[in-house]
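Single-structure report; data block below.
Numbered from 1 within each chain, the chains take letters A, B, ... in sequence-line order.
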Amino acid sequence: MTRSVKILYFAWVRERMGRAEEVLAVPDDVLTVEDLARFLARRDEEGAHAFANPAIVRAALDRRHVPPHTPLQTATEIAFFPPMTGG
Amino acid sequence: MTRSVKILYFAWVRERMGRAEEVLAVPDDVLTVEDLARFLARRDEEGAHAFANPAIVRAALDRRHVPPHTPLQTATEIAFFPPMTGG
Amino acid sequence: MRRLSVQADPFDLAHEIQQLTQGRTDIGAVVSFTGLCRSEGGLLEALELEHFPGMAEEEMGRVMDEAEARWPLQGLCVIHRFGMIKAGEQIVLVITASAHRDAAFQAADFLMDYLKTRAPFWKKEWQQGGDTRGWVEAKKEDVAKADRWRDKP
Amino acid sequence: MRRLSVQADPFDLAHEIQQLTQGRTDIGAVVSFTGLCRSEGGLLEALELEHFPGMAEEEMGRVMDEAEARWPLQGLCVIHRFGMIKAGEQIVLVITASAHRDAAFQAADFLMDYLKTRAPFWKKEWQQGGDTRGWVEAKKEDVAKADRWRDKP
């Protein structure tokens with residue numbers, strides 16, 4: 001059974017992806033945040049550009065910062081964005 | 001030749017001295033700030049009370065903080081007061 | 001008393017301080033930090049602040065929880081603006097109120113360090129004339145500054 | 001821009017910040033510290049602030065010189081009140097403006113530490129009912145805090 005997640009993009013990740021959000025049917029072999037980033041990087045040119053340096057892209061799972069190895073598990077929303085520059 | 005200095009007192013030093021200021025003819029053997037404090041402590045009851053613990057009383061010579069061993073030299077105004085508690 | 005806001009409009013520092021302190025006699029120290037948009041010597045016309053609505057408020061709330069757990073605070077306020085912010089205008093406000101000045105100073109410093117590295121906001125630079133210079137890069141010093149607090153009690 | 005005042009009247013933080021920042025686009029950070037009179041759980045009605053007129057202004061000026069020599073500041077303001085100050089009312093204001101937040105935070109912290117130990121002001125405590133509890137004693141911590149800055153670059 002495939003599960004869907006909502007993916008949000010911000011700042012230059014959003015610009016490179018050419019979209020602010022999408023709903024994705026998560027492939028079976030995508031278990032962690034970094035699995036998903038790798039999948040998106042391979043999917044198309046936009047993904048390749050946005051995730052060219054995956055070490056730089058940050059992620060939040062259900063609105064909480066998480067490290068790349070975090071399992072997606074039951075999360076319903078994942079966001080990808082550059083290091084924050086607010087304040 | 002005796003020299004006069006203006007002496008100012010603040011906070012509890014003022015209250016114990018019973019006055020805010022005075023002009024004093026400096027005795028010949030009073031050369032430093034601590035000499036003057038010792039002289040005042042010996043002069044009367046008020047001085048004995050104000051300078052009971054001379055290590056606590058602070059001094060300013062012509063409006064600058066000075067340590068006790070500072071020579072009076074040509075200073076025209078000396079102030080005695082407790083440690084500061086502003087801010 | 002605690003206030004948190006993510007908003008497009010400017011804020012009013014005096015009003016916010018009054019809200020925290022009014023009618024109280026247990027506050028001895030109020031520290032405020034206001035972050036302003038610099039023109040970088042006339043190069044910049046404005047900063048565009050993008051944020052992650054929802055997460056921005058939640059993350060700021062978590063940072064405020066942490067400040068309250070570390071220092072005895074009688075009040076704190078964090079306001080972060082988003083949208084187009086012209087040079088000279090306000091970006092962010094932090095206010096801390098405490099009985100003693102050390103707690104107020106340290107908590108404000110901490111809140112700013114943590115907001116910089118954890119609150120989901122991103123700055124894009126706009127030049128005079130309407131061209132963009134792209135997104136501001138995160139500074140290593142900012143991460144180092146935030147890390148300072150990790151080993152403190 | 002630099003402002004120093006020893007006054008009986010209350011001050012207006014918003015106005016003072018505006019004076020420092022108005023029309024400028026080179027300031028990135030403004031830190032303010034406001035010191036207020038605490039009632040100590042209802043014990044205190046007011047503090048009476050005595051000062052050494054003339055020396056107070058001169059010494060505050062010297063402390064401000066030192067802050068300006070240590071940090072790149074675009075503006076600073078120090079206001080200290082004297083006279084009878086009721087619980088909940090303002091006593092002291094420090095504002096620092098700089099391109100970067102570290103300089104603004106550190107300079108404000110420094111100014112407060114130095115004012116506490118060097119500016120010639122003394123506090124007398126007045127109770128509800130009109131009796132005095134005498135003069136506030138200087139705290140050893142305040143001297144230690146001011147000494148922290150001595151070995152810093």
Contacts of C:Glu48 meeting side-chain contact (heavy atoms from CB on, under 4.5 Å) (sequence neighbours excluded), chain-then-number -> C:Met84, C:Lys124, C:Trp126

What residue, out of C:Arg24, C:Met112, C:Glu141, has the most heavy-atom pairs lying under 4.5 Å from chain D? C:Met112

Under 4.5 Å from a heavy atom of chain D, the part of C:Asp26 involved: backbone

More than 12 heavy atoms of other residues, nucleotides or ligands under 6.0 Å from CD of C:Glu137: yes or no? no

Could you pull out the closest heavy-atom pair between C:Val31 and D:Phe105, with the gap in Å? CG1-CE2, 4.3 Å

Min side-chain heavy-atom separation D:Arg101-C:Asp142 under 4.5 Å: yes

Chain D: which of C:Thr34, C:Val92, C:Asp113 shares the most heavy-atom pairs with it under 4.5 Å? C:Thr34

Pick one of side chain, backbone, both or neither for D:Asp12, based on which atoms fall under 4.5 Å of a heavy atom in chain C. neither

Below 4.5 Å, heavy atoms only, C-beta onward: do D:Lys145 and C:Asp102 meet side chain to side chain? yes

Nearest-0.5 Å distance, CD of residue D:Gln74 to CZ of residue C:Arg38: 8.5 Å

Under 4.5 Å to a heavy atom of chain D? For C:Ala99 that would be both

Relative to chain D, which segment of C:Ala108 carries a heavy atom at a distance below 4.5 Å: side chain, backbone, both, or neither? both

May I ask you to name which of D:Gly35, D:Cys37, D:Gly28, D:Gly88 has the most heavy-atom pairs under 4.5 Å with chain C? D:Gly28

Contact part of C:Thr96 toward chain D, heavy-atom cut-off under 4.5 Å: side chain, backbone, both or neither? neither

Side chain from CB out, backbone as N, CA, C, O: work out which of these in C:Ile17 comes under 4.5 Å of a heavy atom of chain D, or both, or neither. side chain

List the atom of D:Phe33, the atom of C:Ala29, and the distance in Å for their closest heavy-atom pair. CE1-CB, 3.6 Å

Could you report the tightest heavy-atom contact between C:Ile27 and D:Leu36, atom names first, then the distance? O-CB, 3.3 Å

